[in-house]
Each structure stands twice: as structure tokens, then as C-alpha cells.
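Single-structure report; data block below.
Keep in mind that the numbers below use all heavy atoms, side chains included, and drop hydrogens, waters and symmetry copies. Here is the naming used below: chain letters follow the sequence lines, and residue numbers restart at 1 for every chain.
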Amino acid sequence: MNYKALFACIAIGSTLLLNGCRKDLLEAIPTTELAQNLFWNNEADATIALMGAYSATRAVFNRDYYLDGHAEFTRVRGTSATNGNLLRGDAYQGANYNPTGYGASFDKYYRYLYGAVNRTNYVIDNINRRLLPAAQGKSLTNLETILGEARLLRGMVYFRLISMWGDVPYLGREVFSNEEVAMLPRIPMKDVRDSILADFDYAIAKLPAKGEGIGRSGRPAALAFRGKLHLYWGSWKKNGWPELAGFTTNSAEAQASFTAAAADFKSVINDFGLTLFRNGEPGNIDALGEANILPNYYDLFTPRANGNPEMVMAFSHLGIPANPSQGEELMRDFSGRTIEGSQCWVSPRYEIADRYQLVATGEFAPKMVQLNPTTNTAARTIVNSAVNPNTYAGRDYRMKASIMWDFEKTIGLAALKSTGFSPFIYQTWAANVTINGVRYISYNTDGSNSGYVFRKFVRNYEGLGRSEGDFAWPAMRLADVFLMYAEATNEVLGPQADAVELVNRVRRRGNLPPLKAERFASYQTFFNAIEQERIIELVGEGQRGFDLRRWRAIERVWGAPGTAGVWRQDSWGANQQRFFQNTDDRTYQQNYIFRIPPGERDINPNLTQNTPWF
Amino acid sequence: MTKLIQRGFLKANLLLPRQYNNGRFHLPPFNTLFKKAVSSAYFMAALFFLCFTQMSFAATINGTVTGTGGTPLAGVSVNLKGTTTGASTNAEGRYSIAVPELSGTLVFSFIGYGNIEMAINGRSTVNIEMTEAASQLNDVVVVGYGRQKKVNLVGSVSTVTVDEKLTNRAVPNISSGLAGLVPGLAAVQNSGMAGNNTASLVIRGLGSVNGGSGPLLVVDGMPDVDINRININDIETVTVLKDASSASVYGSRAANGVILITTRTGKGQRKTSLNYTGNMSLTTPTNSMDFMNDYARALTLHQHRAAVNTLPGNQNFRNGTIDQWMALSMIDPIKYPNTDWWDVIMQNGSFQNHNVSATGGNENTNFFASVGVKDENGLQINNTYRQYNARFNFDAKVKSNMNVGFKFNGNWSDYKFALSEGFTDPDPGNTAGNDMQFAIAGVLPYDPKTGYFGGVMAYGEDPQAYNPYTLYINNLNYTNRQEVFTNLYYDWSPVKGLTARVDYNLNYYNQFRFTAPTPNTAYNFQTNSFGSRVYVGNNAGISNQTNTGFKTLLNARLSYNTKIGENHDFTGLFVYSEEYWKDRFQGSSRNDRLYPTLQEVDAALTDIQSTGGNSSVEGLRSYIGRFNYVGYNKYLLEANFRVDGSSKFLEGSRFGFFPSVAVGWRFTEEEFIRKHTNSFLSNGKLRLSYGSLGNNSGVGRYEQQETLNTLLYAVNGGVQRGFVNNKMINRFLSWETTTVLNAGLDLQFFNNKLTVAADYYDRLTTGMNRPSQFSILLAAAYSPAPRVNIGDLRNRGVELDVNWSDRVGKLKYGVGINASYNVNKLEKWNQFLGRGNIFLGMPYQYVYAFIDRGIAQTWQDVYNAAPQGASPGDVLREDLNGDGRITGEDQKAFRNTQQERPTTNFALNGSASYKGFDVVLLLQGAAGRKDYWLNNYNNTNFGTQRYASTYDHLNKTWSVENRGGEWPRLGGSGSNRTNSTFWLDDMSYLRVKNVQLGYTIPNNLIKRFGITNLRLVGSAENLVTFTKFRGLDPEGQGDDNSLYPINKSYSLAINLTF
């Protein structure tokens, strides 16, 4: 009996031991993630991988507006970016967007730029390795298009890297272990540039004239970026980049680059039948204080312009029901609480207002007078007072389309519904005001310290929340190409008729008359006219900081090292912030070139630092 | 037999109505609950009375049972050996038992005293004296996969018997009740929020930097159970396994120790008893912030702050606004409120616990059944937690060598709260979580006349100021959770000493969570219009989330015990175990709720909606072995191993082997020692153990799988699938391993009046797995970076447990002290460590602080210090490295001070009883930790608007008029808020954790009501805390936002046994 029992016991025991109850107990298969080895079968997979690369690249370009804080006309007091969330702007999170002192705060951005590099490499290498060898016919063309798009994206990312850090490590293939990259040194900017050009050349050769859809790029994008790279290269070679060790000026090389740039831009302008949004017409404008009719320039920065030929290259977004978050947060960043509880992280500085020219003359208006309406009861009526709405009459249409001054109205939004018009009145936040017998609640924000808020990028219709924007962010705009063409030709040949014509087409959008002859009488006057157009046309698009650096213009704007600096003020005349007061040379240098992330240098002895950051 | 069953049933029927219909329990507030509980108990009891059998009798034996010193022992059970016949002693220690004949053997048993057998030998009177000493040899302790005799234990094991001293306290859950009871176990309570008041348990210090440094929790053999959902009244013992020898049978998850919880059974009970325990308490905060309920004055503080750098004309607040507010608030509190938010959103909390249990058994079966309800009302409005528990434990002897048993435990809870931490929420996505600092006094909470919630009204105030009341009314979260734990075992001893046993456990949970906020907008009562702040938008919707899952556990074990010769005792154990988890989530939400009273997702429009869902599984296969040898009752040897294979790791790195060995020597059994020590030392034992344990908690279920991640894109207004490769797998990733050396000494003096246990341990965690430090070129793409096994951390410590108990006449008393000291040291880290509070050769997270020179009183003070942009009123910092600047390099490392946890924990408990009265006192404290007192509510550099200042901002900040101010000036240098010794507080504390005063009603008064025991207890929890810490609570972890104190509570408890 006992032996029988023992035997039974052992039998049961050993069955359990050998088989267990669940054979696959230790093989847990993920239910929502695809195993790597099941992927990369065909063209469709290549497209799916490319979408991942687009998304990663979008994440390092679609909040470039914060970078406008590095110049003098836009204040970026913070960001809406969520830490740790790539699609919610993590690349831009935590950085400094003041006009000075920002160079050490872009470690994270650097990291995400290389993140995008890895994503594009993943597409490029896998197509080259797994799909291209066997492909033929239509499939081959399609794969080459996908490859071209991925290489364009990679080129754009490296272009951004060199324009901020100069020499950078180059990662041109898929990486399989940390050891492969742990000791990579920086390589000279010229070599990186050549690799970028190779990517752009390939893209130009393979991309279709028009992208495969809104949010994907075609040949004009690649051409425009190649042109922009030549333009920047020309600027650096002409103006120098003394903070970048080993980089020397060379006017011949600069001229060659400007020439190449002009050729690429010209091709974009002429070869694809591209036109400015709504033909560059200014459109209609409402009376002062009214906002039922807004100029075309306003619409250009709403989803109405998605897919428009002016958007040479754009990264697209979706609002609800996109899940997970594919939306942009332009509204949240550019407007105040009145509009879906937005936070107004980005606002125009007071100084931009005087930059808007008069429709009548095409020239600047008299400088405004800043007055405090709480201490000066006449402030609202004094001629040319910054708080007198009439002062803003007859200006460049782009002014009304871009910014709001006192008593300008916009549509308030809450819970995806309109709450009606709300007038902006600086320092009178969310108050009951009666205008022409109608009661309103004034605009509410704690984000403006200048007397203005943006209208540009802010939707005036209901339906989508502050984090659900569906505007396709332009990484390259035709108006920018026009102005860059004008700049490049001006550098090589001085003012050219076709260049002046293009600048006038941009001015036409603001309903400004063509430039007076004296404005393009010389290289310098024409340069100034182009710069003026860039300031107004591209405000809030993150271009100006790059322009100031490549033109070596920080001193021109803020004064030389060791001087008193420049105050930023508000429409009441109060000083808000002073920048570059008694600032040393080193700080200027640090504004011209960014810091190589020191954490990486701690673990990679081969990685050198930019001189001002030693 | 039928007749007998009928008798049993009849008895139950007769007994129960008499007890429950007399109305004495109808305490109005919990009337219904109690009825529910009672009826369940009634049903179960009735059912189980069926199991009893009775006999017929011919003779009667009487006698008295006394304890040491002749005191009568009540409640001793007396049984005729080999039968089910039994009786128990009354308050005078007397018993009377009917037996068929005056022969055989009587067995006297009493908890804590063990069993004594006494032959009847024809006597009709049998008196005996029981001593506690007799019990010591037979005390058993629950250990992993079994029980062991306490005297033969070689591991470091502490046991807490959950008795009335613990259950009568108003502790909301077992984890918070363990504070101060076990040396080496730190139970740290961060919050007193209802439903969120569990204590985090850490055994012997920080075992790993991984976060997963909590112990493995095992309830009735099932690992990974939330012990806080177990009814405290159901728990019999809590065993803490601290060293490798005791814990290594739990292998890959035991690195941070193991806590075993055993629930009550009817085992050993000869008598069926019904028990009611009730506890009602009132809770108040131990401490709170003193927010200023004077808006005009708060605005002047804003003025003061702004005056530092802003011209009066450019300041936000005008004198007129402030004067107007000050004047009109006296006559119109609607338009000019001075809200005391603390008053509005706080209430006195309450806590109730009611529990009815029935227990009983006989030779062949025993059972324990209980139902309980716990009802907590938090310190804030609309924070409630209610939990119901039901348990059913049953064992039966199927044959003489076979047992079967099952356990069933169900609990369900309803939890309602506004913010996850009570007043705050750490989730950065929830802006309200950070808003308490913006709850200005100038906002009216609510106007019942209009039904509107107030917003900002003062000119210049930020319209985004916070109205907490609307949040606590309109923005609530509801979580309902149900859990069922079932367990079935079957054991069989086919030959003597050999037992085979199979256990199967199934745990299931279901959790439903919903939010359905009610739209409301800030109202301005001065202008009679809505302001721009929308607290909840009109399109507010409904969000529903469901989590379900189960875990199964199969154990098959074989144990063999034999004695070779007289003096060699061998025990062997082998276990095969499989554990399997599956968890599933589904959630959906829609905008635009149809009507504010509806809460499920169908009750909303379908135009805007979103959904989510996923599942995950995990498996663990284990082989466990243990070998024990006891020679001559004094030489002890134990060896254990466990092999674990987990689905979290890849083939090749999947299995871990965790062996341990321990030896013990009961030196007092040696004649050559005994003859010298016998007079005072009753028992002495030396223990030594060494072994290894594992930890896999830091690794995600699918983290090691090579999969692609989604990263979507949008083209042509539609979502596009996008895949990216996020993972670079470290194929060699495996467990963290902890090796523990433990040396211990157990001594019992003076006939066990004094017991001393001391332990020393050295615990080394190697291969802590951390995300590897990837090059920045890869860090964004491959994120999180693959984990690697890096880093060694060593914990060393000592523990001491001293208890004295004695009796003087009728006064019985006991005093116990336990203390533990632990220091850790980071020994290895194979990556770059920057300057900070983590470094090699130092305790993990030591204090790294600037040294302050106090507040600068004059410009001369400023000039005397290194240049640091300070003005009088600012905190000056020392230039430690003398380079003429203040940089991060001027911080000092405090080698012996930890920032996150104390080095020393200690507790003192005392108890005394005299006649029916008893008192209990528990003091508990900690030392060796310093932390910064810097939070959002003592900010001297607050923003330009909407800051909710405290009276300290008014009274304590430095100014020319208040040079003695303890705080720096308002709006001073930003460095006033850096981590300097100025804000560094000693977090040591001593707390009167619990005081109890109980009275047991004399038996003769209650006997005629059929009551065997009635005890009333008054108890107070967290009565006083002595500390130098200036913040809310010295026990909590640093968080600049957290506001929830722990609770002080006063309770009244009743124990009633039939």
C-alpha cells in the first residue's frame, strides 16, 4: 500500500516537473507590439517605417517657433512641451528661449535630432539592405521615392545640427550597439555638409514633383533645402564663424555657395508652378477692432493653407480623433486663456509693432509713443499713442493678421464652442467691458508683457482644443524661398530685378506698395529691405535667431559687448527686460554657437567642445 | 447522525436569534451595514454548525487551571484526547467536562502555553498549573512553504501576532499597523488620505536603487497580494523574513525580504465562537499649513514682493484695490470674500471598522468565517473609502492521512477622491495637482443662491487663480475594485513522515474607474458675470476604465521528515511552483455627457470619443528545496535553494539559482555551558546564515522582447501607421542578486521573562539593473535604453529586540524595545557619475548641500561673503572651495546623513493589565535623516499674482522691520531657495504612535447573556510627535508639492465574543 502510494506520488510529481501545467509559461508574447522579425517584407512596410521617421523628424521641427525667442521680436516665456513626450514637444522642452544665454540648454534637442537621424537611418538601411536588391519596375520607383524622402529628412536634421553646433558626429547607418557610437568624434562641418548634400541630391533625383500627400515631401522641398544649405554655407564662409575651431572664411567659396543657392531657389520658384497662398493677394481686412474679415496672411497659418503650394515642405498634424496625440499646440502656445484655456507662452514683443509699415507709403510709420492709460487719461486718444487703436490704422495687412493690440478682438473658445468675440486690452484681463454698447469679457492671459498677443497661428473657429491643432507646420515656405533667393542673388550680384520683384510679391501680401527705388539702390539697402521683409513675413516661425547668427548681427541688434544693452518694453512704456547689459565677449560667443552636451563628453573622450564652452 | 445534525442546527437556530434580536447592536449610523454583516455571519454560522457532532456522556471531571503564581487561567480548552469532547475554563479557571468514563487523557491547551496532557487515572478532579515556559519549545513560526519550531529557527525571522492590541487600533490597513513592531522593518506612511493611506514597507534599508525595494508580500502562500486589502481582523500572524536563509525559498523576488501573512483558521479551536469587533474613530490632521484667510493682506505681500524690482505704477495690485477689499470684506463677504479654504474643503475624518467572525472546529474539520466593513471618510470633503471583506477558511480531514482545505477571500471597495494625493496630484498632466498654492482667499467657493462657483474678482489678479471647492465637488474620480482570492489544497501522507501537497490559488480582480466632471465656470460676483476661467468645460464627458486580471499559482510539494536514532532529526522539502499573471486594460471616453448625473460612457454623445486597450502576461516557473537537520536538539543546519525562470528574461538569462545555508547552535543545551548559565539563562542560540536572493521587479514584462514601437504620422488628414525601432536588447540582462550574511543571537533569561534577539547583517546587492547609459546619439531613438546589470550597493546594519514581561500579583506587564540601524554604501557603478547626491563610497542619496551663513543683515554681511548677488535679507552661502564664486562645487557632502530615509528606526512598546484593565503604549521614532524644507507653500519668491500665502509669509520673512525673521526676504535672490543647510532639517522624530486603554467586563456580569468576552477599548493614534522638522510630517518623503498630513485619531473599539 505504502509503496503504491509512494509510486503514485512520484509519478504525479515527475509529471508536474517535466511538463508543468502551462507549457508556454515562460514565453510571453506581446499583444500590442509587433516583433521585429515579422517586419520589412515589402514596400508597404517601408512606407510604415518612413511614417515613423517623418513623425520623429516632425518632432524636431514643428515647434521651431520657440526658437524665435532667440531674436528680438518674440518673447517665449516658457513652453507647453511635455517632458518625456516626444509628440508633445519633448525635444524643445526645458530649453532657454531668451535672446541670450541659450546656448547651453539644447542638449535635449541635440539628443532628439540624433533620434530622428536613427529613425531615418533605420528606413534607409533596411530599404537598401532588404528590399532594394530585389525590387524592380514600379516597386523600385516607389522604394526610391521612400528612400529619397528618408534621405531628405536625414539631411534636414543634419543641417539643423550643423547650423547650431558646427562640427558634429556623423551617424550614417543603422546602429546595433552602443559600442559602435560611444567613441565617435565630431567631424568637420564641411564633411557633414557634403553628406547632407549627397542626401539632398539623391532626394532631388528621386522625389516626385509633388509629395505623395499633405505631410510628405516632393522635389521642391529637397531643392529648397539644398538651396538653404548653400545659402547658410555662403553666409558662414562670408561672415565667418570664429567660435567654430578650424572654420575659416573664404569669399570665393561663399560666392560659389550663394550662386548654387540662387540656382536651387530659382528652380523651386520657376519649375514647379508654385505660387504664394491665394496668389499672394492681401485679401480683405476688417475695420479696426473688428475681426470678421481677416487678411489672407492670417488664413495662411490656419489649416486652410494645409497642402497649399506655398507650403513647400510641411509637417502635418491631426486633431481629434487622432490617438495618440498627433495634434499641434500652436493655439496653446500663441494665445491666452480666453481661447480654450491657452497659456500664451509665445507673444510678440512691443518692438515688432513699429516694424509694420504703412500701406499708403510702404515706409515706416512715425515711432509710437508709449503711454500708461491708468495714469494718463488721454493715453487712449493721443495721436500716435501705442494704446490708441487708431495709431494702428493703415498698416501692413500682416500686422492685423499677426498680432493683436488694444481693442482688437478675436473669437473666444471654451469647451470646443465659441464664446463670442473678446477684445484684447493690455492689463485688463477677463474684465467686463462695453464697446459700442456691446458687453464683452476682455481677453485673458498672464502671458503678455508687451501690450500684444499673437493672432498668427491662432484658430478663430470652434471644434478643436488647444492641443489638437491640425495645422501642417511649414518647414519651408515659398515666401521664404523668394526672400532667400533675393538674398543669395544680392550677395553675388547685388540687387536684381527678378529679386526685387519677388520681394515685392511678398510685400504685396501685406498690401504694401512695391519697394521704392532707393530701397534697392545698393547691396546694403536691398539687404536691409530683405531683412525687414524676413522680420515681418516670418515672425514667429523661428527663423530670425538663425539669421542673426549667420549674419553675425547679434551685436548690431543688441549693442557691442560691455555696453548698456537694450530694454524690451511694453506699450505703456514700462521696462520689462534688459538684455545684453554689460555682457562679456564670451557670452556673445556662446550665443553664436551651441554647447556640445557635456554629459556626452563625460563618457566620450573623443568628443571635443566648442571653444566658448570650455 | 441525522438526529445529531438536527441538534446542531437547532442549537444554532436557538442561539443566534437570541443574540442578535435584542437590539443592542443597532448603532444607528451603521445599522444597515451591520445587519448585512450579521445576516451573513448568521448564515455561515448556521451552515457550519451542521458540521458538529456530539456524544453522550457518563461521568464528569471538574478542576481548576492556573497559570504561574496560581492565577486562574480563563479560556483554556480542555479535551478528552482522541475525541471531540471538550470544555473550556471560566474566569475562575474552573472547568467541567463530561466523559464516558474516568480514564483516558485530558489535553489542556491555551494559546501561548502550548498543550499539556494529563492522564485521568480515575480522578474526578484534575487541577493543573500551566506555565508559559512549557510553550516555548512548541511555538511554531510560519516560514516560507511551511512552519518551523521557533527554537530551531536559524534564519532571521520576526513574527507579529495580530491580536487585539493591533486590531483595536484605528489603523486603516495592516501595513500602517506594522510601524514600530518589527526591528528592521520600516513602515513609512506618507499620507493619511482615505484610500491612500498605506505605508510603504522596507526591510533592512534600501536594497536596490531600482525603486522596487519593497518586500515580497505573500498571503497564505500566494505572492503578490495587496496586503492592505486584507481585513486586519482576519490576519493571524505576520512573519517578516529578513535574511537569505529564510527568504531564499522565494528566490528571484526576495531580495528585499519577504512578508508572510497567514489568515486565521479554526485550527486548534475546540469551541465555536462568534466574535464581533467594532471600531469607530475620529481623525484630525497631525499638522497643517496655516494659509492666510485675509485676502487684502495677502495682496500687500504681493506688493512687498513686487516692490523689490517693480515700480508701483507697474505693479499688479493697487493700494485702492487692497483698501477696498479690506473695507468691503467686512460688509459683503460675497463680493469681497476672505475664504479660509482649509475650512471649506476640510472636515473631521472618521474611520469605522466592523467585523463579525465565526470560528470553530473539531477533530476533523475547522473553519473560520468573517465579514467586515471598513468605512473611511478622509480629511477632505468627498474623499471616502469603503471596503467590504468576506473570508471563509475551511480545513477538513478526509482520511487519517489526507487533508483538504480551501480559503476564499473576497473584498470590494469604493473609493472616491478628487486628486490622487488628496490636495495635490503629481501627474504633470493634471494642472490642478499643483494649484493649491494658487488658492487665494479672494475667491468665493460657492454661492448657494445662484449656484455659481466663484472666480477671481480683484483688479489685477490672475484669472487663473484656483477654486479648490469646485474641484472637490465637480471633478471627482471614482474607483470600484473587487478582488477574489481562492485557495485549495490537498495533502496526503502516504507513509510516515512523507507528505505530498498540492496548492492551487487563483486571484482575480476587476477594477472600474470613472470620471464624469460637471461643467462649471468661474463667476465674478462683483460684476455678476462669468469670468474667463472655465473650471470644467461644457463639453465635459465621461471616462471609463476597466482593469481586470488574474494570477494563478500552482504549488506541488513533497516533504519528508524522519528521525534517525534519538537525536538526529531530518526534514526535506521540495516544491515545484508555477505562477502566471494576466492583466488587461480597456478604457474609453466620450465628450459631451448627456446629463450631469450620468456616469457610464453610453451616456454621452458619440461625436468625440477615444478608446484604449491592452493586455500583458507573465510566467514564473520555480523549483524550491529545503533541507533541515537538528542534532541533539542543539546543532541546527538548514540549506535552501530556489531556481526561478521568468518570462521577463530571454532564454539563456532566464533562470536564476538562489541558494542559502544557515547554521545554529543552541549553546544552552550544552551541559558545560548550561551548568554555569542555567540559573539565569533559559535558552540561548547563535545563528549564522549566508545566501543569495534575487530581484526582477525593475524589468517590464515585454521589455526584453525585440519589438517595434508605433510612432504615428498624419498624411492627407488621416493617421498613418508608423513603426520605429525603439529597442536594443541587452540579451544578457538578468536578475539583481543580493547576498546576505546574517549573524544572530537569541537569548532568553529568567524563565523567559526577558528575551533578547540581536542580528547583524551585511547585505550586498550586485548587478542592480538600470537603464544603461547610452550615447546621446542613441538615447532618443532607443528609449528607454536597454537595462544592464550594473552597480553594487551594500547595506549593513544591526537589529535589536528586547522584551521583558512579568507579573506582580495581579499586575501583568511587559516592556519591549526594538531598534535597527542601517547604513548603505554605493560600492560600484560602471557609469559616469556626475556631481550630485549619488557617489561611490557614499550612502545612496546622501545630503549634498550648500552651507549657509544665515541671512545677511547688512550690506557689510554681503560684502564679507563671496559675491553671490545677495542683498540684505537673502541667505548667504559659503564659498567652500574659495574660488570667489558660488557654484555647484561649493556644496558639501554629508557622509553620514541620508536624504531619503533614516538610518535608525526604533520603537518602544509597553503594556500592562490589572484585573480587567489593560493599557498599551507604543512609541516609535527614527533618526539619521535630513531633508530640505522647501515646498510650494513656503516660497518666498512666489509669482506676481495669485499666490496663497501663509501667515508665516507675513510674520517670518525678513525685512528691515523684522530683522529676526526666520525666512529670507520676499522676492529676494533666487538662491534663497537652493538646497542649502538653511533649509536642511533634521528629520528625526519620536512619535506617540498608539495609546490604548481597555477594560474587560468581568465574566460573571455577562455570562448570563451568553457572552464569553466583552472588552471596551479607547485608543489614540499618532497622538504627539516630537521633531525639529518644520514641515508637515517628518516621516514623509520629500515632495515640494505634497500637503497631506498623516492622521491623528481617537477611537473606541468593542470586542465581543459569544
Side-chain angles (χ1 to χ4, degrees), chain A residues 2 5-6 9 13 16-17 20-22 25-26 28 30-36 39 48-49 51-52 54-56 111-112 114-115 118-119 122 169 171 175 178 181-182 213-216 316-318 320 322-323 326 337-338 372 375 414-416 429-430 432 441 444 446 574 597 600 602-603, chain B residues 313-314 428 462-464 494-495 500 527 529 531-534 537-539 554 556 558 576 578 580 608 610 614-615 617-619 621 645 647 654 701-702 705-709 711-717 719-725 728 772-781 832 834 945:
Chain A
N2 277 347
L6 197 62
C9 208
L16 280 171
L17 279 181
C21 277
R22 283 178 196 273
L25 185 70
L26 302 186
T31 47
T32 57
E33 292 167 28
L34 179 69
Q36 288 179 15
F39 196 57
I48 291 175
M51 291 301 117
Y54 260 112
S55 195
R111 167 153 64 94
Y112 277 108
Y114 277 101
N118 283 290
R119 301 297 185 224
Y122 176 67
L171 205 58
V175 179
N178 190 47
V181 301
I214 301 169
R216 294 181 65 175
S316 53
H317 296 90
L318 289 178
I320 277 182
N323 191 17
Q326 292 286 313
R337 297 286 178 189
T338 301
N372 183 339
T375 55
L416 308 186
W429 309 129
N432 281 277
I441 293 175
N444 173 26
D446 49 3
E600 183 72 357
D602 286 337
I603 55 178
Chain B
N314 294 333
D462 186 334
Q464 289 307 113
V495 290
T527 60
S529 61
S532 83
R533 176 145 200 192
V534 177
N538 282 326
N539 60 343
L554 172 76
L558 215 49
Y576 169 76
E578 280 185 0
Y580 180 76
I608 297 177
S610 71
N614 55 63
S615 70
V617 298
E618 181 183 344
R621 175 168 290 159
S647 65
R654 182 168 277 167
R701 283 185 178 165
Y702 299 132
Q705 307 248 10
E706 294 192 300
T707 55
L708 297 172
N709 281 60
L711 189 62
L712 306 179
Y713 189 61
V715 173
N716 285 341
V719 177
Q720 299 295 313
R721 288 182 199 94
F723 277 144
V724 293
N725 181 10
M728 212 177 261
S772 53
Q773 193 170 19
F774 253 26
S775 161
I776 198 168
L777 303 179
L778 304 179
F832 186 84
Q945 294 159 303

Using a cut-off of under 4.5 Å for heavy-atom pairs, which of A:Ser316, A:Ala414, A:Gly115, A:Ala430 has the most such pairs with chain B? A:Ser316
Answer with side chain, backbone, both or neither: which region of A:Asp446 has an atom nearer than 4.5 Å to a non-hydrogen atom of chain B? side chain
Sequence neighbours excluded, which residues qualify as side chain to side chain donor-acceptor pair (under 3.5 Å) partners of A:Asn178? none
Checking side-chain polar atoms at under 3.5 Å, does A:Thr32 have a donor or acceptor matched by the opposite partner on B:Asn614? no
Which portion of A:Tyr122 sits near chain B, non-hydrogen atoms under 4.5 angstrom: side chain
Would a 4.5 Å heavy-atom cut-off, applied to side chains only, mark B:Ile608 and A:Leu416 as touching? yes
For chain B, find which of A:Ala35, A:Gly215, A:Ser55 contributes the most heavy-atom pairs closer than 4.5 angstrom. A:Ser55
Do B:Asn716 and A:Arg216 touch side chain to side chain, with heavy atoms closer than 4.5 Å? no
Tell me whether B:Gln720 contacts the main-chain N or O of A:Met51 through its side chain, where contact means a donor paired with an acceptor under 3.5 Å. no
Can you list the residues that meet the salt bridge (Lys or Arg N to Asp or Glu O under 4.0 Å) rule with A:Arg337, with sequence neighbours excluded? none
Would you please classify the geometry between the A:Phe39 ring and the B:Phe723 ring as parallel, tilted or perpendicular, with 30° and 60° separating the classes? perpendicular
Should the heavy atoms of other residues, nucleotides or ligands under 6.0 Å from CZ of B:Arg701 be counted, would the total exceed 12? yes
